[in-house]
Student: 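One structure, as structure tokens, below. Some questions next.
All values below were derived from every heavy atom in this structure, side-chain atoms included, with hydrogens, water molecules and symmetry-related copies excluded. Everything quoted here is computed from the prediction, not taken from an experiment. A note on names: the letters A, B, ... follow the listed sequences, proteins ahead of strands, and every chain is numbered from 1.
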Amino acid sequence: MKNPLRKRTALDLSPPAKVAGYASLIVWAIIVLFPIYWLVITSLKLPIQVAAGPFYIPGIDFTPTFDNWHYILVDRFSDTVRPFANTIIVALCSSTLALILGSSGAYALVRFHYRPRIGVIAIWIVVILGTFVAVALGAPWPLAVVAAIAVLLILLQTVGKRFKRTLANSDVSFWLISQRMMPPVAVVIPIYVLFQTIGMLDTLPALIVTYTAANLAIVVWLMRDYFLSIPLDLEESASVDGASSFRTFRSIILPISRPGLVATWILVLVFSWNEYLLALFLSSANAQTMPVMVAAQNSTRGPEWWYMSVLILLMIIPVIILAVVLERFIASGALRGAVKG
Amino acid sequence: MSSASQDTRLESQGPVLSGPDPVSTVRVDAPAKSDWNNPRLARNLFLWPALIVVLILAIFPLIASLVLALSKVSLVKGGFKIDFVGLTNFRTLFLGSERTHVLGQAGTPTLVGWLVFLGGTALLLVAFVRTVRSRKIRPLGLIGRAVGGLLLVLLLWSVATTVLGSGGRPGTLMVTIVYAFSGTLLTYLLGLGLAVLTTQRLRGQRFFRIVFLVPLMITPVGVAYMFRMLTDTEKGPITPLWRAAGLSDFTLLGDPWGARLAVIISDVWQWTPFMFIVLLAALEGRDLETEEAATVDGASKARIFLNITMPALIPVSATVILIRLIEAFKIIDLPNVLTNGGPGTATESLTLQSFISWRGFDLGSSAAIAYTLLVVVTMVGIGYATFIIRRTHSMV
């Protein structure tokens with residue numbers, strides 16, 4: 001029992017405010033939990049019970065049945081497990097890859113001076129565009145790639161050295177981070193054509209690489225904010241002692257940044273887990289992920305709510321575990337550095 | 001945190017999208033020393049993998065999409081052919097047969113519509129005149145502001161005649177903007193309220209916090225189907241209420257604004273935890289000293305919140321609102337699943353319209369719509385960054 005005479009802090013509430021506070025919390029908790037409750041009881045209903053009108057309480061309004069769960073988990077086990085496994089693999093791989101690429105990129109942008117010459121950039125762009133055009137016009141793509149590399153090397157040695165104007169770090173970071181603003185729908189068709197040309201449609205690696213690209217911008221954004229707040233002293237003493245930048249990054253920066261890294265990784269994991277549009281375009285049977293499979297329950301007779309509820313509930317469970325872990329991080333203040341204000 | 005690093009953090013926080021090079025701000029007394037220690041290889045190896053991935057899967061497809069947007073794709077024997085047609089796709093969307101689809105049908109503005117339009121235009125004029133008078137702006141900035149202002153006036157007119165007009169019908173562009181802004185505003189207010197609530201000294205906060213995070217954990221497609229079940233006014237849970245209100249002849253999803261409301265409600269339900277998490281992290285990490293002092297001095301809770309807590313939250317809020325706003329423009333799963341575009345095209349967002357065009361194999365039109373969305377999002381992002389991020393992040 002708390003001491004009733006203890007000093008009042010800024011977070012204490014007067015009794016009427018306490019009542020209002022509890023009431024609001026409970027109201028929102030109901031708003032959050034009721035749809036999920038509805039999902040659960042729908043998964044326990046037969047089709048005829050769903051169509052006949054709303055029944056609210058199992059056992060009193062209607063008799064619950066586990067038929068739907070049995071169907072999804074037992075009768076259609078392989079059809080259910082494959083998208084589930086695909087989603088887990090793709091989400092884990094793409095978020096880890098995005099974290100590695102993004103945090104090293106963010107670190108580089110914060111600590112190293114880059115002076116990319118505009119001439120060099122222009123040459124790269126022209127050559128790669130030329131490759132795409134050549135392939136589109138019918139050249140076999142291995143040949144086009146080799147020719148492109150040759151042309152690139154020649155041009156870089158000669159013309160590239162003549163233009164000296166340079167960009168700065170902030171331009172590169174701006175460019176990387178502004179990728180977030182791009183709606184995926186603008187690029188998904190050419191990506192589809194790209195994977196179709198090299199025969200990688202409907203494969204997991206294709207999805208992993210695409211998700212990584214989609215999430216790289218947010219990793220760079222968040223980790224750059226995070227790295228900016230780390231004081232230089234540790235790295236300077238490390239370099240005085242003769243450590244290379246790789247060593248510094250691996251042994252000093254990464255352990256310090258663990259809260260930020262973990263928070264970003266979890267965020268990207270959830271994004272990849274729920275990604276629908278890219279999976280819709282780039283996968284069909286083998287690499288199908290859960291969101292697409294859930295949406296595919298829409299049959300010609302209308303959505304099969306009972307099966308869909310089971311699938312949606314199956315998708316939630318791993319993520320709820322993650323949420324509990326995440327809440328511990330927030331409470332311990334470990335995320336303080338990850339989200340900068 | 002020491003005040004020295006605090007200063008560098010604030011200074012280099014700058015506007016995310018432009019401003020002083022953070023490297024030169026942080027490394028005040030160590031000019032390029034790191035450069036000599038690190039061979040070129042290390043520097044390139046850190047950055048190039050990320051750049052290559054983004055180049056191949058984001059930039060070049062973007063250029064390819066532009067080509068598609070400027071051409072007409074048709075099926076021929078053995079494949080398809082692409083004909084360059086210039087701006088025809090865009091012309092069709094904005095001036096031709098798809099005009100009412102994208103821009104909507106203009107009605108006559110109601111009183112509220114006129115108020116919004118005239119009031120908004122007046123405010124923009126005042127702001128513009130002030131910018132001109134201040135003489136701190138370069139010609140390019142002035143042109144940018146003029147163009148932006150003009151577009152905003154057109155937007156206000158569109159709002160007045162379609163959303164707030166009688167006989168008007170908003171097109172997909174307007175609907176997308178409505179979704180994005182109303183969704184972001186509502187989720188922010190709710191998230192803020194919940195974050196403040198869960199940091200008070202009440203019982204069971206741990207439980208409430210976990211519960212409040214749940215909506216974000218359900219896949220968006222799942223949320224969409226869930227709300228389709230819930231908003232079904234014939235066999236969903238709100239049916240008794242609906243019938244009691246005498247509305248049994250209508251369905252929520254059959255009315256244009258009812259369907260849009262359903263989309264917005266689902267969007268808010270799903271994304272409030274995002275705002276909640278970020279604001280909670282910011283609130284948890286704050287220093288309670290000033291607030292404790294104010295409480296001892298007898299300040300009311302409202303006062304403390306408005307004058308101490310909120311100002312400290314403004315930078316985080318500005319960033320998180322930007323993130324959510326940009327994401328909100330890309331909404332597709334909710335309108336697709338909930339209403340398949342709505343009664344007619346009432347709930348169609350721009351991404352959904354692009355998807356439907358793609359499904360109908362009109363790749364040129366699909367890419368053109370996608371590019372329209374890209375331009376809108378870029379303008380909103382840059383406008384927001386210029387006007388809000390710069391102010392909030394430099395005045396903490």
Student: Need one label for B:L45: side chain, backbone, both or neither, based on atoms under 4.5 Å from any heavy atom in chain A.
Tutor: side chain
Student: Considering residues at least two apart in sequence or located in another chain, which fulfil the ring-ring contact (aromatic ring centres under 6.0 Å, His included) criterion with A:F281?
Tutor: B:W358
Student: Does a side-chain heavy-atom distance below 4.5 Å link A:I312 with B:V221?
Tutor: no
Student: Among B:L313, B:I218, B:V53, B:V196, which residue has the highest count of heavy-atom pairs closer than 4.5 Å to chain A?
Tutor: B:I218
Student: Identify which part of A:V185 has an atom lying under 4.5 Å from any heavy atom of chain B, answering side chain, backbone, both or neither.
Tutor: both
Student: By a 4.5 Å heavy-atom criterion (distance strictly below it), what part of B:L288 contacts chain A: side chain, backbone, both, or neither?
Tutor: side chain
Student: Are side-chain heavy atoms of A:Y22 and B:L197 found at a separation under 4.5 Å?
Tutor: no
Student: Checking B:A58 against chain A: side chain, backbone, both or neither under 4.5 Å from a heavy atom?
Tutor: both
Student: Side chain, backbone, both or neither: which part of B:I326 has a non-hydrogen atom closer than 4.5 Å to chain A?
Tutor: side chain
Student: What part of B:I332 is in contact with chain A, defined as an atom under 4.5 angstrom from a non-hydrogen atom: side chain, backbone, both or neither?
Tutor: side chain
Student: Determine whether a donor-acceptor pair (N or O, by modelled atom type, separation under 3.5 Å) exists between the side chain of B:W269 and the backbone of A:I31.
Tutor: yes
Student: Supply the atom-to-atom distance B:D232 CG to A:W305 CH2, rounded to the nearest 0.5 angstrom.
Tutor: 7.5 Å
Student: Among B:V320, B:L190, B:T219, which residue forms the greatest number of heavy-atom pairs with chain A at distances under 4.5 Å?
Tutor: B:T219
Student: Please classify the contact of A:T42 with chain B as side chain, backbone, both or neither, using a heavy-atom distance under 4.5 Å.
Tutor: side chain
Student: Could you tell me the separation between the CG atom of A:L267 and the CG atom of B:L216, rounded to the nearest 0.5 Å?
Tutor: 8.5 Å
Student: Can you tell which part of B:L68 gets under 4.5 Å to a heavy atom of chain A, answering side chain, backbone, both or neither?
Tutor: side chain
Student: Out of B:D333, B:V223, B:L230, B:T239, return the one with the most heavy atom pairs under 4.5 angstrom to chain A.
Tutor: B:L230
Student: Side-chain contact, heavy-atom cut-off 4.5 Å: B:P237 with A:F34?
Tutor: yes
Student: Under 3.5 Å, is there a donor-acceptor pair between the side chain of A:Y107 and the main chain of B:L47?
Tutor: no
Student: Look up atom CH2 in A:W38 and atom CE in B:M229, then write down how far apart they are to the nearest 0.5 Å.
Tutor: 9.0 Å
Student: What part of A:I189 lies closer than 4.5 angstrom to a heavy atom of chain B: side chain, backbone, both or neither?
Tutor: side chain
Student: Less than 4.5 Å to any heavy atom of chain A: does that hold for the side chain of B:S366, its backbone, both, or neither?
Tutor: side chain
Student: Is chain A contacted by the side chain of B:L350, its backbone, both, or neither, given a heavy-atom distance below 4.5 Å?
Tutor: neither
Student: Name the option with the most non-hydrogen atom pairs under 4.5 Å to chain A; the candidates are B:N336, B:L202, B:V211.
Tutor: B:L202
Student: Could you state the interatomic distance from NZ (A:K18) to CZ (B:R203), rounded to the nearest 0.5 Å?
Tutor: 9.0 Å
Student: Counting only heavy atoms closer than 4.5 Å, note whether A:L97 contacts chain B via side chain, backbone, both or neither.
Tutor: neither
Student: Can you tell me which portion of B:L66 sits under 4.5 Å from chain A's heavy atoms? Options are side chain, backbone, both or neither.
Tutor: neither
Student: I need the minimum non-hydrogen distance between B:K330 and A:P184, along with the two atoms involved.
Tutor: CD-CD, 3.6 Å
Student: Under 4.5 Å heavy-atom distance to chain B, tell me which part of A:V219 shows up: side chain, backbone, both or neither.
Tutor: neither
Student: Over 60° means perpendicular and under 30° means parallel, so tell me whether A:W28 and B:F212 are parallel, tilted or perpendicular.
Tutor: perpendicular
Student: Output the distance between atom CH2 (B:W48) and atom OG (A:S104), rounded to the nearest 0.5 Å.
Tutor: 14.5 Å
Student: Measure the CD1-CD distance between A:I218 and B:E327 for me, rounded to the nearest 0.5 Å.
Tutor: 6.5 Å
Student: Below 4.5 Å, heavy atoms only, C-beta onward: do B:P240 and A:Y56 meet side chain to side chain?
Tutor: yes
Student: What part of A:L101 gets within 4.5 angstrom of chain B, counting heavy atoms only: side chain, backbone, both, or neither?
Tutor: both
